[in-house]
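Residues: numbered from 1 along the sequence shown.
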Amino acid sequence: VDIEALKRELKEVKKTQRTRNEATVTELSRCKNLCDGLAQQLEQQQHAQEHKMAAMQTALNKLTEQQSVFEQSNSSMVRVASMDDAKENDSSEETEKKKRVKQWLFDKLHDVFTKNDLDAVYNKLISDGVNDVSLLSDMTDETLATMVKLLRATR
């Protein structure tokens with residue numbers, strides 16, 4: 001066995017090993033830098049996601065608040081509309097009752113009094129809250145005549 005040849009071979013193996021070690025260290029260093037960069041990117045992305053989530057939460061809160069305002073407004077409009085409908089129904093019923101009172105008054109007394117007198121009696125009855133023909137039926141001709149005289153006197 002040639003010792004010098006073995007020494008040279010050992011020297012070559014050591015050199016090759018050193019080269020491989022250096023290459024491995026370089027590769028490990030590159031991998032570490034890559035991992036550090038990826039970790040930093042991940043941290044930045046997480047931070048950006050947190051900001052997006054906070055902005056989305058703020059937007060959701062505003063939308064919820066607007067929805068609440070809208071629902072309250074809508075509820076108020078529905079109540080107002082239903083009150084308007086009720087007033088309209090009451091108003092149309094009242095108008096119909098007043099029409100019947102006027103018709104009854106004019107039918108019953110048109111021969112006795114002038115149109116102006118009958119209008120005055122009608123207006124007085126309506127302003128006093130008499131808006132039902134059944135209430136008029138209880139009045140006598142004498143009561144109506146007295147009412148007309150009183151109205152003429154107060155003019």
Side-chain angles (χ1 to χ4, degrees), residues 16-155:
T16 304
Q17 190 60 40
R18 225 179 291 126
T19 305
R20 285 182 185 166
N21 285 346
E22 288 172 1
T24 302
V25 167
T26 303
E27 185 63 21
L28 285 174
S29 179
R30 189 186 69 76
C31 286
K32 182 186 178 305
N33 290 339
L34 181 63
C35 285
D36 288 347
L38 290 173
Q40 190 176 17
Q41 281 181 346
L42 180 61
E43 189 176 314
Q44 289 171 348
Q45 287 174 349
Q46 286 174 337
H47 188 68
Q49 288 296 335
E50 288 171 1
H51 280 292
K52 282 182 184 178
M53 290 298 288
M56 289 172 70
Q57 185 63 46
T58 301
L60 179 61
N61 290 343
K62 285 180 183 178
L63 285 173
T64 302
E65 190 176 305
Q66 288 174 346
Q67 180 183 10
S68 176
V69 168
F70 173 75
E71 287 171 351
Q72 288 173 354
S73 174
N74 193 27
S75 175
S76 295
M77 288 190 306
V78 167
R79 278 197 305 271
V80 167
S82 65
M83 287 182 353
D84 287 347
D85 290 346
K87 285 179 184 176
E88 190 175 299
N89 288 342
D90 288 348
S91 178
S92 63
E93 288 176 18
E94 286 296 315
T95 303
E96 191 57 39
K97 284 182 177 181
K98 288 176 183 178
K99 237 186 227 179
R100 285 189 294 239
V101 166
K102 191 168 192 170
Q103 186 66 43
W104 182 90
L105 195 63
F106 277 75
D107 286 350
K108 181 131 175 100
L109 302 173
H110 74 281
D111 293 338
V112 181
F113 302 103
T114 66
K115 181 181 180 321
N116 286 343
D117 289 335
L118 290 173
D119 281 333
V121 170
Y122 168 75
N123 290 333
K124 178 66 177 153
L125 288 171
I126 295 302
S127 70
D128 288 347
V130 178
N131 61 357
D132 195 345
V133 173
S134 65
L135 296 173
L136 294 176
S137 301
D138 295 339
M139 290 185 161
T140 63
D141 290 345
E142 185 179 314
T143 305
L144 290 169
T146 303
M147 186 184 288
V148 170
K149 287 178 189 175
L150 285 171
L151 288 171
R152 283 183 184 161
T154 57
R155 282 189 193 167

Visitor: Starting at NZ of Lys102, measure out to CG of Asn123 and round the result to the nearest 0.5 Å.
Guide: 7.0 Å

Visitor: Given side-chain contact (heavy atoms from CB on, under 4.5 Å), test Leu38 with Gln41 step by step and report yes or no.
Guide: CA-CA 5 Å; Leu38 290 173; Gln41 281 181 346; 3.7 Å; yes

Visitor: Just how far is it from atom NE2 of His47 to atom CG of Leu42, taken to the nearest 0.5 Å?
Guide: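 It is 13.5 Å, given to the nearest 0.5 Å.
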
Visitor: Does Val69 offer a backbone N or O that forms a donor-acceptor pair with the side chain of Ser73 under 3.5 Å?
Guide: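 Pair absent, no side-chain N/O of Ser73 close to backbone of Val69.
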
Visitor: Atom CD in Gln40, atom CD in Glu43: separation rounded to 0.5 Å?
Guide: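 Spacing of CD (Gln40) from CD (Glu43) equals 7.5 Å.
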
Visitor: Strictly by modelled atom types, are Asn61 and Gln57 linked by a side-chain donor-acceptor pair under 3.5 Å?
Guide: yes

Visitor: Show the numbers, then the answer: is there a side-chain hydrogen bond (donor to acceptor under 3.5 Å, both in side chains) between Gln49 and Gln45?
Guide: CA-CA 6 Å; Gln49 288 296 335; Gln45 287 174 349; over 6 Å; no

Visitor: For Gln66, what residues pass the side-chain contact (heavy atoms from CB on, under 4.5 Å) criterion, not counting sequence neighbours?
Guide: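 Gln66 satisfies side-chain contact (heavy atoms from CB on, under 4.5 Å) with Leu63 only.
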
Visitor: Taking Leu60's backbone N and O only, do any of them form a donor-acceptor pair with Thr64's side chain (distance below 3.5 Å, no angle check)?
Guide: yes

Visitor: Let me confirm one number: the NZ-CD distance from Lys99 to Glu96, rounded to the nearest 0.5 Å.
Guide: 5.5 Å

Visitor: Return yes if a side-chain donor-acceptor contact under 3.5 Å exists between Gln17 and Asn21, otherwise no.
Guide: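 Side-chain D/A pair, Gln17 to Asn21: present.
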
Visitor: So, does Thr24 use its side chain to make a donor-acceptor pair with the main chain of Arg20 at under 3.5 Å?
Guide: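 Looks like yes, one N/O pair under 3.5 Å.
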
Visitor: Using a strict 4.0 Å threshold on nitrogen-to-oxygen distance, state whether Arg30 and Glu27 make a salt bridge.
Guide: yes

Visitor: With sequence neighbours excluded, what pairs up with Lys115 under the side-chain contact (heavy atoms from CB on, under 4.5 Å) test?
Guide: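 Counting only residues at least two positions away or on another chain, Lys115 forms a side-chain contact (heavy atoms from CB on, under 4.5 Å) with Phe106, Asp119.
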
Visitor: When you look at CD of Glu65, are more than 12 heavy atoms from neighbouring residues, nucleotides or ligands closer to it than 6.0 Å?
Guide: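 Counting neighbours around CD of Glu65, 12 or fewer heavy atoms of other residues, nucleotides or ligands fall under 6.0 Å, so no.
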
